[in-house]
Visitor: 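First, the structure itself, so that you have it in front of you.
The basis for the numbers below is simple: all heavy atoms, side chains too, and nothing from hydrogens, waters or symmetry mates.
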Amino acid sequence: MRLDELLDELQVRIDAVRGTRDRVHSLLEAVVSVGRELDLAQVLRRIVEAAALLVDAEYGALGVIGPDGCTLSQFLTVGLTDKEIAAIGPLPAGHGLLGEVIHHPEPLRLTDLGAHSSSYGFPAHHPPMRTFLGVPIRVRDEVFGNLYLTDKRGGIDFDTEDETVISTLSVAAGVAIDNARLYESSQRQQRWLRANAEITESLLSGSSRPAVLELIARRAQEITAARLADIAMPVAGAEGLVVEFAVGADSEARQGLVVPFAGTLSGAAHRTGRSVASPHASDDDRYPADVQVQDGLGPAVAVPLGTAAGESRGVLLLARPVGEPAFGEGELEPLVAFAGQAALALELGERRRDAEQIALLEERDRIARDLHDLAIQRLFATGMTLQSAARLVEHEGAAERVGRAVEDLDETIKIIRSTIFGLRTKDRESGPGLRARAARAVGDAASALGHPPRLSMEGLLDTDVPPQIADHVMAVLGELLSNAARHAQSTRVGVILKAGPGEITLTVSDNGRGIPAQGRRSGLRNLAERAEGLGGTFTVDAPDEGGSRLVWRAPLPTAS
């Protein structure tokens with residue numbers, strides 16, 4: 001009997017040794033599997049899967065601690081289906097029992113997690129859980145996140161050996177995460193450098209400013225995996241920024257949008273000259289004006305494109321989908337450097353255009369001097385010679401012809417002098433142009449409408465539109481925006497101002513109740529008379545999707 005007991009005990013110990021050996025092999029395989037990956041997202045997924053497998057847990061999760069050090073910015077789960085996750089609702093933010101491991105980064109093992117003083121219970125549709133094991137993951141001296149494991153299969157509790165195994169895995173996980181972050185950082189840095197080189201090359205090759213802005217926005221969106229990227233630029237005389245280019249989600253709605261300085265991420269970055277970030281752009285109380293137009297967007301950051309006199313020359317806005325990681329310090333540093341390089345490239349492009357403009361003006365001055373000093377003097381001398389010769393011509397018809405030639409020379413001299421005056425005064429008019437006046441009028445209308453209108457401007461508005469026609473355009477724009485604010489009851493108003501070949505077109509559309517068939521139209525009649533007086537047209541349409549679309553057109557003088 002004693003021999004049988006000893007044999008049974010020996011068998012138990014052999015089984016235990018085998019179990020330990022198998023667990024050590026599994027741990028080593030998990031460490032190798034985790035360390036093999038260089039993509040951070042894959043590393044995190046492998047860590048939580050390996051942890052649940054090692055301790056035979058039914059459910060596992062890995063929570064990444066956010067920049068504030070108190071909440072979770074990312075939460076990966078194992079054991080729950082997509083349907084179950086959707087039924088539970090928003091992912092945990094790091095409160096309750098999960099927050100206990102965040103605030104006290106030490107292993108925590110519980111027999112009944114519901115009995116812990118920090119437990120808040122479970123949300124609706126959450127599966128019941130009893131046993132719990134939480135272990136922090138450290139990357140160097142920083143707590144990166146925590147492993148959470150619940151419900152060991154077989155209905156037994158997590159033991160000391162489980163805690164030791166997961167603690168060992170967490171050390172290997174910290175090394176793997178650090179390697180993945182370093183690799184990701186180096187790859188991102190290379191992509192930023194390539195993007196900067198591409199932008200500089202594009203500018204030096206003569207690309208237009210809109211094309212360069214598009215390149216900046218697209219490269220920033222690709223590198224940061226943003227859902228939305230737009231570039232807003234200040235306009236002289238306007239109390240806001242105008243989105244000159246947008247790409248990604250709601251880009252069409254963002255294009256041409258007048259972004260107010262107050263209550264927006266872009267406005268804050270413009271005024272402070274520093275990057276401004278938000279973990280939840282769609283519901284951030286600090287930026288209420290952004291909430292109206294950025295529904296469905298999560299973490300966002302606005303980065304100034306260079307600064308002058310304490311304010312930016314423009315702002316690059318990037319936003320990720322809801323649930324994605326917030327923009328951390330590791331991402332902001334190269335992003336700010338990229339924005340600075342992009343701003344420098346834009347400034348160099350502007351300086352080159354200024355130099356070209358100066359060269360053009362100097363060439364005009366030279367032509368004007370040559371016309372005055374050479375052509376006019378010669379024509380004047382020729383006219384004097386003909387006048388002297390006319391007295392010597394006895395034939396009446398010939399003398400008359402010589403007189404007409406002298407008058408033609410005088411008229412030619414007047415035309416040349418007028419041309420000289422035009423050459424020397426072109427592009428030197430004072431006061432804001434039509435582009436700045438339109439942006440200011442649209443920005444001022446935001447308070448009356450209750451929402452910022454969307455503005456799109458195309459063509460050479462400041463050079464091809466004469467001042468008298470520009471005044472008509474501003475009067476029509478003010479009247480149409482005022483009508484939309486008083487009568488349309490709309491939630492969206494769009495303004496398109498376009499100077500095309502031989503014509504300027506102003507289109508104002510809204511999604512309001514439309515223009516009633518039987519109603520006062522004296523204001524619209526006045527706008528039609530303005531257009532007809534200039535030889536243009538004014539039309540009122542009712543789009544199929546509702547609201548109204550009013551189009552005012554006027555011809556532009558052709559260049560002589």
Visitor: Supply the atom-to-atom distance Y148 OH to L62 CG, rounded to the nearest 0.5 angstrom.
Guide: 8.5 Å
Visitor: Between F75 and V64, is a side chain to side chain contact (heavy atoms under 4.5 Å, CB included) present by the stated rule, with each step listed?
Guide: CA-CA 6 Å; F75 197 76; V64 179; over 6 Å; no
Visitor: Counting only heavy atoms not in R274, do more than 12 sit closer than 6.0 Å to its CZ atom?
Guide: no
Visitor: Could you tell me whether a side-chain N or O of D510 sits under 3.5 Å from a main-chain N or O of V493, the two making a donor and an acceptor?
Guide: no
Visitor: Sub-3.5 Å donor-acceptor pair from the side chain of W552 to the main-chain atoms of T507, do we have one?
Guide: no
Visitor: How close do I65 and V143 get, counting heavy atoms only, and between which atoms?
Guide: CD1-CG1, 3.7 Å
Visitor: Could you check whether any side-chain heavy atom of L317 comes within less than 4.5 Å of a side-chain heavy atom of V259, counting everything from C-beta outward?
Guide: no
Visitor: Shortest non-hydrogen contact from A268 to Y287?
Guide: CB-CE2, 4.1 Å
Visitor: Tell me which donor-acceptor pairs under 3.5 Å the side chains of residues 464-472 have, and how far apart each pair is, sequence neighbours excluded?
Guide:
unit_1: D471; atom_1: OD1; unit_2: R437; atom_2: NH1; d: 3.3
unit_1: D471; atom_1: OD1; unit_2: R437; atom_2: NH2; d: 3.1
unit_1: H472; atom_1: ND1; unit_2: R530; atom_2: NH1; d: 2.9

Visitor: For H126, I'd like to know if atom NE2 has over 12 heavy atoms of other residues, nucleotides or ligands within 6.0 Å.
Guide: yes
Visitor: Please identify each residue that fulfils side chain to side chain donor-acceptor pair (under 3.5 Å) with R194, with sequence neighbours left out.
Guide: none
Visitor: To the nearest 0.5 angstrom, please state how far the CZ atom of R513 sits from the OG atom of S490.
Guide: 10.5 Å
Visitor: Is the shortest side-chain heavy-atom distance between V315 and L241 below 4.5 Å?
Guide: yes
Visitor: For I223 and F338, what are the C-alpha separation, side-chain angles and deciding distance, and is it a side chain to side chain contact (heavy atoms under 4.5 Å, CB included)?
Guide: CA-CA 11 Å; I223 296 174; F338 167 78; 5.8 Å; no
Visitor: So how far is it from I504 CD1 to R553 CZ, rounded to the nearest 0.5 Å?
Guide: 12.0 Å
Visitor: Considering the options L550, L527, N526, which one meets the side chain to side chain contact (heavy atoms under 4.5 Å, CB included) requirement together with E479?
Guide: L527
Visitor: Does any N or O in the side chain of S482 come within less than 3.5 Å of the main-chain N or O of G478, such that one atom is a donor and the other an acceptor?
Guide: no
Visitor: Considering only NZ, NE, NH1 and NH2 on the basic side and carboxylate oxygens on the acidic side, decide whether E222 and R218 come within less than 4.0 Å.
Guide: no
Visitor: Where do A229 and A217 come nearest, in terms of heavy atoms and distance?
Guide: CB-O, 3.6 Å
Visitor: Taking R188 first and then E184, would you say they form a salt bridge - that is, a charged N and a carboxylate O separated by under 4.0 Å?
Guide: yes
Visitor: I need the I177 CD1 to F144 CZ distance, nearest 0.5 Å.
Guide: 4.5 Å
Visitor: Could you check whether any side-chain heavy atom of H280 comes within less than 4.5 Å of a side-chain heavy atom of P299, counting everything from C-beta outward?
Guide: no
Visitor: Any side-chain heavy atom of T224 sitting closer than 4.5 Å to one from V301?
Guide: no
Visitor: Take L228 and V247, measure what side chain to side chain contact (heavy atoms under 4.5 Å, CB included) needs, and give me the verdict at the end.
Guide: CA-CA 6 Å; L228 168 71; V247 61; over 6 Å; no
Visitor: Can you find a heavy atom in the side chain of L455 that is under 4.5 Å from one in the side chain of M457?
Guide: yes
Visitor: How many angstroms lie between atom SG of C70 and atom NE2 of H95, to the nearest 0.5 angstrom?
Guide: 9.5 Å
Visitor: Taking all atoms of both residues into account, what is the closest heavy-atom pair of P260 and T264, and its distance?
Guide: O-OG1, 2.7 Å
Visitor: I need the minimum non-hydrogen distance between R286 and A277, along with the two atoms involved.
Guide: NH2-O, 3.4 Å
Visitor: Using a 3.5 Å distance criterion without hydrogens, assess whether the side chain of R45 forms a donor-acceptor pair with backbone atoms of T77.
Guide: yes
Visitor: Are any non-hydrogen side-chain atoms of E503 and L556 less than 4.5 angstrom apart?
Guide: no
Visitor: Could you tell me whether the side chain of L113 reaches within less than 4.5 Å of the side chain of M129, counting heavy atoms only?
Guide: yes
Visitor: Is L215 close to E198 at the side-chain level, that is, under 4.5 Å between some pair of heavy atoms?
Guide: yes
Visitor: Salt-bridge test for E331 and R320: reply yes if a basic N is under 4.0 Å from a carboxylate O, no otherwise.
Guide: yes
Visitor: For L265 and A300, which heavy atoms make the closest approach, and how far apart are they?
Guide: CD1-CB, 3.7 Å
Visitor: Between Y59 and L80 (side chain of the first, backbone of the second, donor and acceptor by atom type, cut-off under 3.5 Å), is there such a pair?
Guide: no
Visitor: Quick one: CG on N146 to CD on E100, what's the gap to the nearest 0.5 Å?
Guide: 11.0 Å
Visitor: State, without any angle test, whether D541 and S548 hold a side-chain donor-acceptor pair at a distance under 3.5 Å.
Guide: no
Visitor: Run the side chain to side chain contact (heavy atoms under 4.5 Å, CB included) check on Q74 and L44 step by step: do they pass?
Guide: CA-CA 10 Å; Q74 201 174 354; L44 299 180; 4.2 Å; yes
